[in-house]
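Presented below is the structure to which this report refers.
Here the structure is a predicted model, which means the values were calculated and not measured. Position 1 is the first residue of the sequence; numbering continues from there.
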Amino acid sequence: MYTTYLKLHEAIIKRNHERLPGDRAEVKFFSFAADDQLSLPSIDLLLGQRNVADIRDHLRPAIAEMVNSPMTWESGVIKGVRRGHHFQMGDTGKVVFKHQSDKPPNEIDWVMTAVELDQDVRSLGEHVDDMLDDQTVDAMSSAVMKIAGVAGGPKATAAVSLAELFVGVVTNFMKKNKNDQVGYVDQSFVRALDFADGYRKVEMNPDYSGNMWYTYSIATIES
């Protein structure tokens, strides 16, 4: 049996999106990750559909399961965040993904967003129905149709593609509530290249937004 861990150790943001230099913000992290061994029933069912109408019917349950699964981590609200703030996730880092499987993963995909909050968002699970209105579900269903139609691709990769779509929904939902994204991570790791010996740690990697640097590690342990 193999246990795979993905950890966030620390992060630094340049801007906190507050208007004045001395103003402090409240920030929350939302992370979605999967390896190629992960299988979630409602997501597998969703990705097995071959027309938009059926995908639409299965989309909300799949998102709800994803949000409440081991592939999802969300931090508590971090208060008093200044420009240049250094987020430290404890001595050993914060586990954002943990999965046990019969063989080591060949691939890990990870997407994470950090959001400056002006409105309280306690838990994504409480807002799934608010975020997935009919118009959003229609738009996502068309995109999921393209994901589901890719033959031969690992299910976990498709699951993270679904997570990427959902991060876009989360971001739009936050913006409507006057919350701003302060960091964005979208990475794929291949065992043979990135963690062949079962471990990888990268210090202060730049994110896609250019506003955040973060330290992470991957470990696959045989028991």
Side-chain angles (χ1 to χ4, degrees), residues 4-17 25-36 38 43 63 66-78 81-90 92-99 105-117 121 123-125 131 140 143 147 154 156-175 179-191 193-195 199-220:
T4 300
Y5 297 91
L6 174 61
K7 292 183 178 182
L8 176 65
H9 293 268
E10 59 184 328
I12 295 175
I13 61 167
K14 182 163 56 177
R15 301 179 304 277
N16 65 0
H17 287 267
E26 295 184 352
V27 169
K28 191 166 186 175
F29 288 82
F30 301 96
S31 171
F32 308 88
D35 62 30
D36 59 336
L38 184 69
I43 292 179
I63 292 293
M66 183 185 74
V67 167
N68 292 290
S69 77
M71 71 181 290
T72 298
W73 168 74
E74 57 181 289
S75 73
V77 176
I78 303 165
V81 176
R82 297 177 178 269
R83 296 183 182 185
H85 192 89
H86 190 180
F87 302 89
Q88 295 177 305
M89 303 299 176
T92 60
K94 178 64 185 177
V95 176
V96 299
F97 175 71
K98 176 183 176 181
H99 185 226
N106 290 314
E107 182 177 340
I108 298 173
D109 295 299
W110 182 27
V111 57
M112 181 176 71
T113 184
V115 180
E116 182 271 318
L117 302 174
V121 180
S123 170
L124 280 186
M131 289 185 278
M140 285 189 71
I147 297 170
T157 301
V160 172
S161 295
L162 178 62
E164 290 174 345
L165 290 173
F166 187 57
V167 166
V169 172
V170 171
T171 301
N172 289 335
F173 176 76
M174 296 294 183
K175 286 180 178 178
N179 303 306
D180 294 312
Q181 189 179 75
V182 295
Y184 183 71
V185 172
D186 189 348
Q187 287 194 265
S188 294
F189 309 100
V190 177
R191 179 161 60 96
L193 298 176
D194 298 312
F195 56 108
Y199 185 76
R200 172 191 176 104
K201 186 174 184 180
V202 176
E203 306 275 351
M204 288 299 143
N205 198 49
D207 80 329
Y208 271 90
S209 74
N211 192 54
M212 186 174 76
W213 294 261
Y214 59 102
T215 296
Y216 68 90
S217 66
I218 302 168
T220 298

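A pairwise comparison of heavy atoms in Val182 and Arg15 identifies CG1-O, 4.0 Å as the closest pair. When every heavy atom of Phe29 is checked against every heavy atom of Met112, the shortest pair comes out as CD2-SD, 4.0 Å. Between Lys28 and Ser75, the closest heavy-atom pair is CE-O, 2.7 Å. Between His9 and Ser217 the shortest heavy-atom distance is NE2-OG, 2.7 Å. For the residue pair Asp186 and Tyr208, the shortest heavy atom distance occurs at O-CE1, 3.1 Å.
A heavy-atom distance below 4.5 Å is not found between the side chains of Trp110 and Phe97. Between Ile12 and Met204 there is a side-chain heavy-atom pair separated by less than 4.5 Å. Phe195 places a side-chain heavy atom less than 4.5 Å from the side chain of Pro105.
In this structure Lys98 satisfies the side-chain contact (heavy atoms from CB on, under 4.5 Å) test together with Thr3, Tyr5, Val95, sequence neighbours excluded. Partners of His99 by side chain to side chain donor-acceptor pair (under 3.5 Å), not counting sequence neighbours, listed by chain and number: Asp35. Remark: His85 pairs with Phe87 by the ring pair (Phe, Tyr, Trp, His ring centres under 6.0 Å) rule, at least two apart or across chains. Among residues two or more places apart in sequence or in another chain, the side-chain contact (heavy atoms from CB on, under 4.5 Å) test is passed with Ser209 by Asp207, Asn211. Among residues two or more places apart in sequence or in another chain, the side chain to side chain donor-acceptor pair (under 3.5 Å) test is passed with Asp194 by Arg200. By the side-chain contact (heavy atoms from CB on, under 4.5 Å) test, Asn205 pairs with Gln187, Val202, Tyr214, Tyr216, sequence neighbours left out. Partners of Ser69 by side chain to side chain donor-acceptor pair (under 3.5 Å), not counting sequence neighbours: none found. Applying the side-chain contact (heavy atoms from CB on, under 4.5 Å) criterion to Glu203, with sequence neighbours excluded, gives Glu10, Lys201, Thr215.
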**Message:** Using the rule given for side chain to side chain contact (heavy atoms under 4.5 Å, CB included), can you reason through Glu116 versus Val81, listing the C-alpha separation, both sets of side-chain angles and the distance that settles it, and then say yes or no?
**Reply:** CA-CA 9 Å; Glu116 182 271 318; Val81 176; over 6 Å; no

**Request:** Test side chain to side chain contact (heavy atoms under 4.5 Å, CB included) on Leu162 and Phe32 and set out the steps.
**Result:** CA-CA 10 Å; Leu162 178 62; Phe32 308 88; over 6 Å; no

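Atom CG of Asn106 and atom CZ of Arg191 lie 4.5 Å apart (nearest 0.5 Å). Note that NZ of Lys7 is 12.5 Å distant from CD1 of Ile218, once rounded to the nearest 0.5 Å. Rounded to the nearest 0.5 Å, atoms CG (Asn68) and CD1 (Ile63) are 11.5 Å apart. Between the CG atom in Leu6 and the CH2 atom in Trp73 there is a gap of 10.5 Å [rounded to 0.5 Å]. Summarising the geometry, atom CH2 belonging to Trp213 is positioned 4.5 Å from atom NZ belonging to Lys14; distances are rounded to the nearest 0.5 Å.
Of the options Val96, Thr113, Val111, Leu8, a side-chain contact (heavy atoms from CB on, under 4.5 Å) to Ser31 is made by Val96 and by none of the others.
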